[in-house]
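Single-structure report; data block below.
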Amino acid sequence: MSVLIKGGRVLTAADDYVGDVYVEDERISLIGESLDVQADKVIDAAGKYVLPGAVDPHTHLDMPFGGTVTVDDVESGQTAAAFGGTTCHVDFVIQPPGSTFAAALEDWKSKANGKQVIDMGYHMAVTDLKEGGTLEDLAALPDEGVTSYKLFMAYKGALMVDDETLFRTMQVAAETGALVMVHAENGDAIDVLVKEALAAGHTEPKYHALTRPPETEGEATNRAIQLSRVAGSPLYVVHVSCAEAVEPIAIAREKGWDVWGETCTQYFFVDYTFLERPDFEGAKYVYTPPPRDKANQDVLWNAVRTDVLSVVSTDHCAFLWDGQKTMGKDDFSKIPNGGPGLENRLQMIHEFGVRAGRISLNRMVELLATAPAKLFGLYPRKGTVAVGSDADMVVFDPEKKVTISAATHHSKSDYNLYEGTEVTGSPEVVLLRGHVLVEDGELVASPGVGQFVARARFGEELKAQTALA
Ligand code: URP
Ligand code: ZN
Ligand code: ZN
């Protein structure tokens, strides 16, 4: 199947030009001005942007967590992603304590089997190096295309690891060429604060934030940075939410250390006051780290503009408000942590980043596609529009007006973090390896079109599957 995308404004992290893009055998084979070629399908992109498919390196689909399971499985989560212009994501396999990494990976792959709408890779979340996981098995994961290890420094009694586990994993990563990712919060201090709050009868959603002060995020971020220096591993700090965590990352990057950070869409738009909404509505915004004081939003915009933070992900971890979030009606610590977001990242960052004059179009592409592809061993197959790259593209209509709502989104969640927000600019056609996924507001492709991608090691390129003829 060949596709010709005609006359669009092609945008990459570096380029901005009007041209035609020709796709053959799932990859981009030709880019030029007024290409004289025949194609099975021609898409008129005049007046539209042609963007690389966005890459989301932080999602939780079909994941047991907080006494329940995230409501979006691979099919519904990836359908939401496709409508939002995301064509590849990296999901977290969680090693159940006592289980091997191989068994956990197998379990996650079987949950995805036949349901995949977009391409995907996996990170391995290490929870236990004593009973189930061995250092040797951890070291073998990059050979399977799982080239990043994630550690939770919080969620005591559940996913949290001690510093020994964190440090040993960093040492393995330094040897194997994997990237270490951390959820950076001081889980021990938070556990004390949560117990104190509950003992004082403080049960409402806002105590989720009040028991996780920004200093606990700053402390753990700095600890992870310093330990990664000792171990000699690269470090990626996920879901940075506040100035206290931005500062140590800025210092590390200023020094030229191998440290990167991401923030997530919601931290630009949802602040602490959302947690105070009446009738338990605040529970919709219980995710971790929590929504912070509004002043942090400018700090984050500045950090993504200046490359102190290099990626904007979603941390899509969707639950129902009615039936799942309500598990914590009488105790904020029982509200499952997480929120939906896979579908709206591009729309929101385009509206409030680009259209509001905070970042350029090129920087938006870099934050949402190119940088995550490079950091997570997917580039140049993913994350750019170039000859030889997978034909993952978004024809984006910069004039289309949309009101974001749970009534029209594709996640199974019964609420949307950005309910009622009006944006101008939305994906019109979305392609995965040349297959049209979304067109005319409909999902055109069938589940099964998406594939597992074995990622390259940190700092290495992911070559095209076969050489161009
Ligand atoms: O609240 C969140 N972020 N839930 C997902 C798990 C995590 O910490 O990323
Ligand atoms: Zn986390
Ligand atoms: Zn997460």
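Start at 1 and go down the list; that is how both ligands and their atoms are numbered. All values reported here derive from a predicted model rather than from experimental measurement.
Rounded to the nearest 0.5 Å, atoms CE (Met120) and NZ (Lys115) are 11.0 Å apart.
For the residue pair Glu204 and His202, no side-chain donor N or O sits within less than 3.5 Å of a side-chain acceptor on the partner. Glu343 and His409 share no donor-acceptor pair across their side chains, judged by distance under 3.5 Å alone.
Residue pairs meeting the side-chain hydrogen bond (donor to acceptor under 3.5 Å, both in side chains) criterion with at least one partner in residues 319-329, sequence neighbours excluded, are Thr68-Gln324.
The Zn ion (ligand 3) has an N, O or S atom of His58 inside 2.8 Å of it.
Shown here are the side chain to side chain donor-acceptor pair (under 3.5 Å) partners of Tyr155, two or more places apart in sequence or in another chain: there are none.
A cation-pi contact, defined as under 6.0 Å to the ring centre and within 45° of the axis, is absent between Lys334 and Phe332. Relative to the six-membered ring of Tyr272, Lys294 misses at least one condition, a distance below 6.0 Å or an angle of at most 45° to the axis.
Enumerated by chain and number, the residues approaching ligand 1 to less than 4.0 Å through a heavy atom are His58, His60, Phe65, Phe152, Tyr155, His183, His239, Tyr287, Thr288, Asp315, Cys317, Asn337, Gly338.
The count of protein N, O or S atoms under 2.8 Å from the Zn ion (ligand 2) stands at 2, with waters excluded from the count.
Ion pairing between Glu281 and Lys284 holds under the 4.0 Å rule for side-chain N and carboxylate O. By the 4.0 Å N-to-carboxylate-O rule, Asp392 lies too far from Arg433 to be salt-bridged with it.
Counting all heavy atoms, side chain and backbone alike, Leu61 lies closest to Gly77 at CD2-CA, 3.9 Å.
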